[in-house]
Amino acid sequence: MHQLPEADTEGRKTVSRAVADRESRRSFADEPLDETDVAQALWSAQGVTHQRDGVEMRAAPSAGATYPLTVFLEARRDGCETLGAGVYRYVPDAEPHAVEEHTASSVRDELVAAAGGQNVVRDAPVSVVMTADYAITTREYPRHGERYVHMEAGHAAQNVHLVCEERGMVSCPVGAFSDEAVASAMGIETEPLYIVPFGKPP
Ligand SMILES: Cc1cc2nc3c(=O)[nH]c(=O)nc-3n(C[C@H](O)[C@H](O)[C@H](O)COP(=O)(O)O)c2cc1C
């Protein structure tokens with residue numbers, strides 16, 4: 001388990017400024033990211049923000065607080081100053097929050113291929129890969145659960161985009177990928193829903 005620095009809850013820009021400035025950007029500096037920036041992005045997706053009735057509530061809203069998402073980070077070599085190439089699972093409820101190594105070697109080539117060879121996935125120092133276990137939500141909400149999971153992934157991904165904007169990083173939504181190929185590249189059982197490559201601007 002690799003513990004991450006505490007999240008910054010003060011911020012560097014207003015939310016409105018970040019919303020106004022956000023764009024999909026697909027080119028990155030060839031530089032490793034600071035661990036604090038990576039930690040902040042992961043926290044914004046699924047970090048624990050507070051407790052309610054004994055439940056750890058997270059940074060993105062969730063239908064019935066079911067929390068079906070698992071967030072992974074794919075890092076290339078020198079993608080993040082403190083993490084080697086590989087796949088990491090974000091662990092929101094560790095004290096402090098953390099990432100756990102999932103795959104100790106690069107899966108970048110497979111991930112790029114799974115996303116149809118997109119340069120934005122190839123060139124980013126790291127990508128968040130948002131995944132879900134639908135059953136966690138559909139057992140509570142049989143009729144609308146799948147839709148709720150998709151809505152939740154959108155919330156979590158938008159938080160990542162806005163935190164990137166706030167901290168002077170650039171990011172891009174990536175939805176064009178083969179689900180099976182991403183799952184196989186990442187070695188995951190959960191359903192991949194959203195890739196967010198991010199890094200420093202060129
Ligand atoms: C669900 C979704 C999937 C997307 N998939 C991709 C993608 O696979 N590759 C890509 O380069 N951009 C992708 N985009 C980014 C859109 O092209 C971009 O958001 C759109 O052109 C509007 O530009 P803006 O984000 O700069 O405002 C996606 C956006 C969304 C919302």
Side-chain angles (χ1 to χ4, degrees), residues 11-31 33 37-38 40-42 44-46 58-63 67-76 79 87 90 106-134 136-138 141 144-188 190-202:
R12 302 176 187 176
K13 270 187 184 183
T14 64
V15 173
S16 298
R17 187 70 261 159
V19 168
D21 291 347
R22 186 212 60 79
E23 284 184 71
S24 297
R25 280 178 287 232
R26 300 175 176 83
S27 307
F28 307 94
D30 191 12
E31 268 182 60
L33 285 169
D37 286 335
V38 171
Q40 192 75 11
L42 291 168
S44 76
Q46 281 295 278
R58 300 196 187 170
S62 176
Y67 299 118
L69 301 183
T70 301
V71 174
F72 290 89
L73 183 82
E74 190 275 338
R76 69 159 190 227
V87 174
Y90 180 55
S106 177
V107 300
R108 179 61 59 103
D109 290 347
E110 295 89 329
L111 189 62
V112 172
Q118 294 193 58
N119 290 349
V120 65
V121 179
R122 187 194 63 205
D123 296 341
V126 301
S127 286
V128 157
V129 180
M130 209 81 73
T131 77
D133 178 349
Y134 285 110
I136 293 173
T137 303
T138 56
Y141 301 103
H144 289 125
E146 271 200 30
R147 179 202 297 177
Y148 294 163
V149 172
H150 297 160
M151 293 166 79
E152 184 169 336
H155 289 303
Q158 183 72 355
N159 282 358
V160 176
H161 294 305
L162 293 179
V163 157
C164 285
E165 191 57 54
E166 182 229 328
R167 297 176 76 86
M169 297 186 284
V170 291
S171 66
C172 182
V174 169
F177 53 78
S178 151
D179 304 355
E180 298 74 21
V182 169
S184 157
M186 302 280 292
I188 55 176
T190 43
E191 189 75 32
L193 294 179
Y194 205 134
I195 304 177
V196 185
F198 65 98
K200 296 184 185 178

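Numbering of ligands and ligand atoms starts at 1, following listing order. Predicted model only: the values in this text are computed from it and were never measured.
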Worksheet item: Just to confirm, does any protein heavy atom lie below 4.0 Å from atom 3 (C) of ligand 1?
Response: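 Under 4.0 Å from atom 3 (C) of ligand 1, at least one protein heavy atom found.
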
Worksheet item: Do any non-hydrogen protein atoms sit less than 4.0 Å from atom 25 (O) of ligand 1?
Response: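 For atom 25 (O) of ligand 1 the answer is yes, since some protein heavy atom falls inside 4.0 Å.
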
How close do [X] and [Y] get, heavy atom to heavy atom, and via which atoms?
| X | Y | answer |
| --- | --- | --- |
| His155 | Ala60 | CB-CB, 4.1 Å |
| Arg108 | Ala124 | NH1-O, 2.5 Å |
| Asp123 | Arg76 | O-NH1, 3.2 Å |

Give me the nearest non-hydrogen protein atom to [atom] as residue plus atom name, then the distance to 0.1 Å.
| atom | value |
| --- | --- |
| atom 20 (C) of ligand 1 | Ser24 OG, 4.7 Å |
| atom 21 (O) of ligand 1 | Arg26 NH2, 4.6 Å |
| atom 27 (O) of ligand 1 | Arg22 NH2, 2.9 Å |

Worksheet item: With no hydrogens and no angle check, do the side chains of Ser62 and Glu152 hold a donor and an acceptor under 3.5 Å apart?
Response: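 Glu152 and Ser62 do have a side-chain donor-acceptor pair below 3.5 Å.
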
Should [X] be counted as touching ligand 1, given the test is an N or O pair under 3.5 Å?
| X | answer |
| --- | --- |
| Pro173 | yes |
| Ala176 | yes |
| Tyr194 | no |

Distance, nearest 0.5 Å, that separates [atom1] of [X] from [atom2] of [Y]:
| X | Y | atom1 | atom2 | result |
| --- | --- | --- | --- | --- |
| Ser171 | Ile195 | OG | CD1 | 13.5 Å |
| Glu191 | His150 | CD | NE2 | 7.5 Å |
| Met151 | His144 | CE | NE2 | 10.0 Å |

Worksheet item: Any side-chain heavy atom of Phe28 sitting closer than 4.5 Å to one from Met169?
Response: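 No; the side chains remain at least 4.5 Å from each other.
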
Per-atom contacts of ligand 1 with [X], taking only distances under 4.0 Å to non-hydrogen atoms:
| X | answer |
| --- | --- |
| Gly175 | 3 (C), 4 (C), 5 (N), 6 (C), 7 (C), 8 (O) |
| Glu23 | 26 (O) |
| Cys172 | 10 (C), 11 (O), 12 (N) |
| Gln118 | 7 (C), 8 (O), 9 (N), 10 (C), 11 (O) |

